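Working notes, beginning with the structure itself.
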2 protein chains.
Amino acid sequence: MPKKTFFNLPENKRGKLIEAAEKEFSRVPLSQASIANIVKTAGVPRGSFYQYFENKEDAFYYLLEAQTNKRKAFFILSLQNNNGDILAAMEDLFRLMLKELGQEDNVNFLKNALMNVTHEIEDIFTKIFDEKHSGRSSLMEIKCLIDREKLNISDEREFFHIMQILTSVTFRNLVDKYSRNISDDEALENFMIEMNLLRKGLSK
Amino acid sequence: MPKKTFFNLPENKRGKLIEAAEKEFSRVPLSQASIANIVKTAGVPRGSFYQYFENKEDAFYYLLEAQTNKRKAFFILSLQNNNGDILAAMEDLFRLMLKELGQEDNVNFLKNALMNVTHEIEDIFTKIFDEKHSGRSSLMEIKCLIDREKLNISDEREFFHIMQILTSVTFRNLVDKYSRNISDDEALENFMIEMNLLRKGLSK
DNA sequence: CATAGTAAGTGACACAATGTCATTAGTCAA
DNA sequence: TTGACTAATGACATTGTGTCACTTACTATG
């Protein structure tokens, strides 16, 4: 998390910082990003950067988390539209991200994040469904929307694991798309095959 | 891949290099590993390192691939023991890795690799099941051993996707165990819940 | 055997990045 | 005005990377 000095900053300065960091993290993956570039484009002295953030990673995960929250909102919406069918909602989310990532604008950020998939990144996505991290409220919000009749679960714990499975499969499909340069259509087809396998089960 | 000069090296020198690299990659995750340390413990001049490897990453993935091949052999064996049931074989592999990773010796290497899970790393694991990368032979070897009657697949393509799903779920469970410091028992329990969900399907 | 030609070895060097710290400036309350 | 706290600043020490000109070792051939 950024330090509190960062949040005390006047809005326009904070905005400049965010913009500069986004630009740098869109240019190259985290490991190659340089603080020097960020402070240069933001026009702040190097020392200031360390006044606001612990380090590169701190800034990176802060931005990523912000982006992820937008998608969480979408997911909840789509859960409603699909009458509580999580698998269908996940399919919608996948389509959305394919579309977003097609637009090249400033979303190289997410592309770079996906390519250099550290555990922490996947974790940020999964946190949404984990009571301990996500504010209790949004987990509840999701749980209420879910139609349990559609799911093959017998005990409460299984719900969390279903989300884990869905997240990691969705995630890997996205990464695949960008590391192998697959077309949107092919990526979607692969993803749907896997979702259907998950639905019906792998074993006879 | 290391350069050919590396493979031309006298065995003991090559061994020293490998050992030193393993030591460094066990000490810290890839991003923090330093070539300076590797050449120091191996007792070779810095310039030589670049004679043998492209860079840090090159050395790292070379070592990782070597380790992974051992596990591939185990997987094939366990597929035989389980009469071609891939899910059961995967469960055995998971148990093996829990056991291996319990022994602290030099396996911090794998731990560090898992914690810093780039796409490339998961890829190395998955390659085993991909005709394009794995030598055609070992994929065939695996395919022959698999008892398709146990699987719920209707068309040939689905087989590859089953392996994708299994790999990513297994993988994430391992990462979880080490990032959250879960006990072996709990990790195994979580994993088994997910495997059973996969078996019977997520939807009613 | 001499010699030319190729492959490998070497470490100083240029360059870039990181995180720190002593110093300076700003703000606000007493 | 003073004192006390918070923030800003950029020079600096340190560490790391990859390269290159030069040296050494090895091999084959006339």
Side-chain angles (χ1 to χ4, degrees), chain A residues 1-64 109 112-113 116 118 120, chain B residues 1-64 109 112-113 116 118 120:
Chain A
M1 260 310 228
K3 304 183 184 173
K4 77 166 187 290
T5 43
F6 178 69
F7 298 106
N8 291 340
L9 240 39
E11 198 163 339
N12 69 345
K13 193 170 183 182
R14 199 170 59 231
K16 260 189 196 157
L17 246 327
I18 290 179
E19 215 172 312
E22 260 172 359
K23 187 178 165 196
E24 178 64 1
F25 293 130
S26 301
R27 189 181 64 86
V28 283
L30 178 56
S31 65
Q32 287 161 55
S34 109
I35 294 174
N37 277 337
I38 296 176
V39 298
K40 204 170 109 197
T41 43
V44 303
R46 177 175 194 76
S48 294
F49 182 90
Y50 288 95
Q51 204 79 272
Y52 310 140
F53 302 102
E54 291 299 336
N55 47 37
K56 232 184 3 181
E57 284 73 19
D58 192 20
F60 179 81
Y61 289 116
Y62 171 69
L63 293 181
L64 185 64
F109 180 93
N112 278 327
N116 189 17
T118 69
E120 285 83 8
Chain B
M1 258 314 226
K3 304 183 183 175
K4 78 165 188 289
T5 43
F6 178 70
F7 298 106
N8 291 340
L9 239 38
E11 197 163 338
N12 69 345
K13 192 170 183 181
R14 198 171 60 231
K16 262 190 194 156
L17 247 327
I18 289 179
E19 216 172 312
E22 260 171 0
K23 186 177 165 197
E24 178 64 1
F25 293 130
S26 301
R27 189 181 65 84
V28 285
L30 178 56
S31 64
Q32 288 162 54
S34 106
I35 293 173
N37 277 336
I38 297 177
V39 298
K40 203 169 108 195
T41 44
V44 304
R46 179 176 191 76
S48 293
F49 182 90
Y50 288 94
Q51 204 79 277
Y52 310 140
F53 302 102
E54 291 300 336
N55 48 35
K56 236 185 359 184
E57 284 73 20
D58 191 20
F60 179 80
Y61 289 115
Y62 171 68
L63 292 181
L64 184 65
F109 180 91
N112 278 326
N116 189 15
T118 67
E120 284 83 7

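Since the model is a prediction, treat every value here as computed from it, not as a measurement. The chains referred to below are lettered A, B, ... by the order of the sequence lines, with proteins before strands, and numbering in each begins at 1.
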What's the [atom1]-[atom2] distance between [X] and [N], to the nearest Å?
X	N	atom1	atom2	result
A:Phe7	D:dA7	CZ	P	13 Å
B:Asn37	D:dT14	CG	C1'	14 Å
B:Tyr50	D:dC22	OH	C1'	20 Å
B:Ile35	D:dT19	CD1	C1'	12 Å
A:Lys4	D:dT6	NZ	P	6 Å
A:Phe6	D:dA8	CZ	P	12 Å
B:Gln32	D:dT17	CD	P	12 Å
B:Lys13	D:dA25	NZ	C1'	12 Å

Without swapping roles, check the side chain of [X] against the backbone of [Y] for a donor-acceptor pair under 3.5 Å.
X	Y	result
A:Ser48	A:Val44	no
B:Lys3	B:Tyr50	yes
A:Lys56	A:Ala33	yes

- Query: Quick one: does A:Gln51 reach the base of D:dA7 with a side-chain donor-acceptor pair under 3.5 Å?
  - Reply: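 No.
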Could you tell me whether [X] contacts a base, only the sugar-phosphate backbone, or nothing, with contacts defined as non-hydrogen atoms closer than 4.0 Å?
X	value
B:Lys3	nothing
A:Thr5	sugar-phosphate
A:Ser34	sugar-phosphate

- Task: Assign each of B:Arg46 and B:Asn8 to its nearest nucleotide of DNA chain C by heavy atoms, then name whichever residue's nucleotide is nearer the 5' end.
- Result: B:Asn8
- Task: Check whether any side-chain N or O of A:Tyr52 sits under 4.0 Å from OP1 or OP2 of D:dA7, and answer yes or no.
- Result: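 Negative; the distance criterion is not met.
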- Item | SB check A:Arg27 A:Glu24 (cutoff 4.0 Å) |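 The answer is yes: the pair qualifies as a salt bridge.
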- Query: According to the interplanar angle, ranging from 0 to 90°, do the rings of B:Phe6 and B:Phe53 count as parallel (below 30°), tilted (30 to 60°) or perpendicular (above 60°)?
  - Reply: tilted
- Message: At a heavy-atom distance below 4.0 Å, which nucleotide of DNA chain C is the first touched by chain B, and which is the last?
- Response: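 Range of nucleotides touched by chain B: C:dA8 to C:dG11.
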- More than 12 heavy atoms of other residues, nucleotides or ligands under 6.0 Å from NZ of B:Lys40: is that the case? no
- Rounding to 0.5 Å, atoms CG (B:Leu30) and CZ (B:Phe25) come to a distance of 6.0 Å
